[in-house]
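The sequence lines fix the lettering, A, B, ..., with proteins before strands; numbering per chain opens at 1. Everything numeric in this text was worked out from a predicted model, so none of it was measured.
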Amino acid sequence: MFALVDVNNMYVSCERVFRPSLIGRPVVVLSNNDGACIARSNEAKDLGVRMAQPWFEVRHLERSAGLIALSANFELYGDMSSRMMSLAAAYAPLQEIYSIDECFLDFDGMPGDRVAVGCDLRAKVLRWTGLPTSVGFGATKTLAKLANHVAKTADRKPSSYPHALAQVCDLGQLPAPALEAVMQATEVGNVWGIGHKTTARLNQGGIHSVLDLVRADATILRRQFSVVIEKTILELRGTPCMEVNDAPAANQQIMCSRSFGSPVTELPELVEVVSQFASQVARKLREQGCVAGAVQVFITTSSYRQQDRHHAPSATLPLPHPSADTRVLVSAAVRALRSIYRPGFNYVKAGVMLVDLQSPGQVQDTLDLFGADEPGPPPAQGRTGLMSAMDALNERFGRQAVTVASATRKDGPSAHASRQERRSPRYTTRLEEIVTVRA
DNA sequence: TCTGGGGTCCTAGGACCC
DNA sequence: TCTGGGGTCCTAGGACCC
């Protein structure tokens, strides 16, 4: 038996913990660059704000409906998340942290009233962190996700699931006819793993509800789609195909990408951005204790601007010796950038990705038959001293305290600097931004 | 004027092997 | 003129997740 614990409207809920005046009001949290809505309060959803909807499209609701928009404050959300996760972990022997606001718990073999356990968990997380959660139980992870969806929806629109308890739902306790009624009442697109494209194709084939999918021929659908949908169907029927994974493997890639505050056309400014991104991913790489075998860089023009010529090149540069050294990675990234850059385009976004990640122990140097002029030191070892010192300085004095020269500005403000005009204080991680209480 | 960022997994197709 | 079959590995692209 699995549980899925999920914070309701996570980012908005985090903001509300420290600004209770936001409770009951329509609130959205904006993506980097204040570009799109990435979290919505129930009130904002009721105003019709869609997930990932561009801010400029709903901005008029600020005046007409009192919509409040905040810039994303990931430092705050990350810290709130770890508090919530550690509370949830105590309720089961196994926890898988699935995303910043969700975790699976494996309740296998645990006796007792699960709904009561779920309610207790909810109450504790709410009391200790201020975050409201929903808890769903099911015989498989997919059913637990479905139960969670039911729990949330039953809270917002009680009429849609008359039998379900708001905020805590155990599908395992429902008698078969009631379970079928729930599945009949739920659109297939709400199932974990069934996205936009698949939903459209399923609908064409006459599959609209979860119940339709459960009763469909899994073998035929596997042929039409992929093995993923077959597993999903089996899981919905109660056959577990996925386990709770409490020790997730290290990342296979590390990325840093961002859209710019305004378009960039000149190479020097792109060099600066790409150097900054490469420094960031290098730091993350060292945190994970890995080295990268290749660096990938992309730049892109806007796919929305019809009047601009579109150009979205990318390049991958293998490293002769896998490395976690900022200087090595920055210089590779800049070389890759120079190879793909073409003048005269309005670039709106860039990214640097580290791939072919390995732990230093298992590093296999690329055999370099013709690189005799390039002596092959073991960089993973030789440069850790400098990199550790740099990381320590940046930890203490701020992210950009020490960095490579190409990542710094020579003249004037950067066009690529992203807008973040509505960010709340980082209450829980910066002493200078802590809440002030007035007597 | 203004449209997120960071990941995973699966599949098809090409290159290559004997 | 005639042009195999079975396998692996890699990559690019697509779909999905939050």
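- Counting only residues at least two apart or on different chains, no salt bridge (charged side-chain N to carboxylate O under 4.0 Å, His left out) pair has a member in residues 237-251 of chain A.
- Sparse packing is recorded around CZ of A:Arg50, with 12 or fewer heavy atoms of other residues, nucleotides or ligands lying under 6.0 Å away.
- Qualifying side chain to side chain donor-acceptor pair (under 3.5 Å) partners for A:Asn9, counting only residues two or more places apart in sequence or in other chains: A:Asn42, A:Lys45.
- The local environment of CD in A:Glu287 is crowded, with over 12 non-hydrogen atoms from other residues, nucleotides or ligands closer than 6.0 Å.
- One can place CZ of A:Phe56 at 9 Å from P of B:dT1, the figure rounded to the nearest angstrom.
- At a non-hydrogen distance threshold of 4.0 Å, A:Lys145 from residues 142-155 of chain A come into contact with DNA chain C.
- In this structure, A:Lys197 has no side chain to side chain donor-acceptor pair (under 3.5 Å) partners at least two apart in sequence or on a different chain.
- Stem regions annotated for DNA chain B: B:5-18 with C:5-18, counting only runs of 3 or more consecutive pairs of Watson-Crick or G-U type with both contacts under 3.5 Å.
- A:Arg305 has no side-chain polar atom (N or O) that falls below the 4.0 Å cut-off from OP1 or OP2 of B:dT1.
- Rounded to a whole angstrom, the distance from the C1' atom of C:dG4 to that of B:dC17 is 14 Å.
- For A:Phe18, the ring pair (Phe, Tyr, Trp, His ring centres under 6.0 Å) partners are A:Tyr427, not counting sequence neighbours.
- Contacts between residues 187-208 of chain A and DNA chain C, defined by a heavy-atom separation below 4.0 Å, involve A:Val191, A:Trp192, A:Gly193, A:Ile194, A:Gly195, A:His196, A:Lys197, A:Thr198, listed by number.
- Nearest heavy-atom pair, A:Ala92 versus A:Leu105, reported as atom, atom and distance to 0.1 Å: CB-CB, 3.8 Å.
- When the ring pair (Phe, Tyr, Trp, His ring centres under 6.0 Å) test is applied to A:Phe298, no partner is found at least two apart in sequence or on another chain.
- Annotation: the span from A:Met390 atom CE to A:Ser279 atom OG amounts to 6.5 Å, rounded to 0.5 Å.
- At whole-Å resolution of the value, CG in A:Asp34 and C1' in B:dT3 are 13 Å apart.
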Name every donor-acceptor pair, under 3.5 Å, that has one atom in a side chain of residues 339-351 of chain A and the other anywhere in the protein, sequence neighbours excluded.
unit_1: A:Ser339; atom_1: OG; unit_2: A:Ala336; atom_2: O; d: 2.6
unit_1: A:Tyr341; atom_1: OH; unit_2: A:Thr265; atom_2: O; d: 2.7
unit_1: A:Arg342; atom_1: NH1; unit_2: A:His311; atom_2: NE2; d: 3.2
unit_1: A:Asn346; atom_1: ND2; unit_2: A:Asp308; atom_2: OD2; d: 3.1
unit_1: A:Tyr347; atom_1: OH; unit_2: A:His311; atom_2: ND1; d: 3.0
unit_1: A:Tyr347; atom_1: OH; unit_2: A:Arg342; atom_2: N; d: 3.3
unit_1: A:Tyr347; atom_1: OH; unit_2: A:Arg342; atom_2: O; d: 3.0

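- Counting only residues at least two apart or in different chains, ring-ring contact (aromatic ring centres under 6.0 Å, His included) contacts with residues 66-87 of chain A comprise A:Tyr11-A:Phe74, A:Tyr11-A:Tyr77, A:Phe74-A:Tyr77.
- Within 6.0 Å of the CD atom in A:Glu62, the count of heavy atoms belonging to other residues, nucleotides or ligands exceeds 12.
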Can you check nucleotides 4-14 of chain B for protein contacts, nitrogen or oxygen pairs under 3.5 Å, and list what you find?
unit_1: B:dG4; atom_1: O4'; unit_2: A:Ser31; atom_2: OG; d: 2.9
unit_1: B:dG5; atom_1: OP1; unit_2: A:Ser259; atom_2: N; d: 2.7
unit_1: B:dG5; atom_1: OP1; unit_2: A:Ser259; atom_2: OG; d: 3.2
unit_1: B:dG5; atom_1: OP2; unit_2: A:Ser259; atom_2: OG; d: 3.3
unit_1: B:dG5; atom_1: OP2; unit_2: A:Lys349; atom_2: NZ; d: 3.4
unit_1: B:dG6; atom_1: OP2; unit_2: A:Ser257; atom_2: N; d: 2.4
unit_1: B:dG6; atom_1: OP2; unit_2: A:Ser257; atom_2: O; d: 2.8
unit_1: B:dG6; atom_1: OP2; unit_2: A:Ser257; atom_2: OG; d: 3.0
unit_1: B:dG7; atom_1: OP2; unit_2: A:Met255; atom_2: N; d: 2.6
unit_1: B:dT8; atom_1: OP1; unit_2: A:Gln252; atom_2: N; d: 3.1
unit_1: B:dC9; atom_1: OP2; unit_2: A:Gln252; atom_2: NE2; d: 3.2
unit_1: B:dT11; atom_1: OP1; unit_2: A:Val227; atom_2: N; d: 3.4

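- Not counting sequence neighbours, the partners of A:Ser71 by the side chain to side chain donor-acceptor pair (under 3.5 Å) test are A:Asp34.
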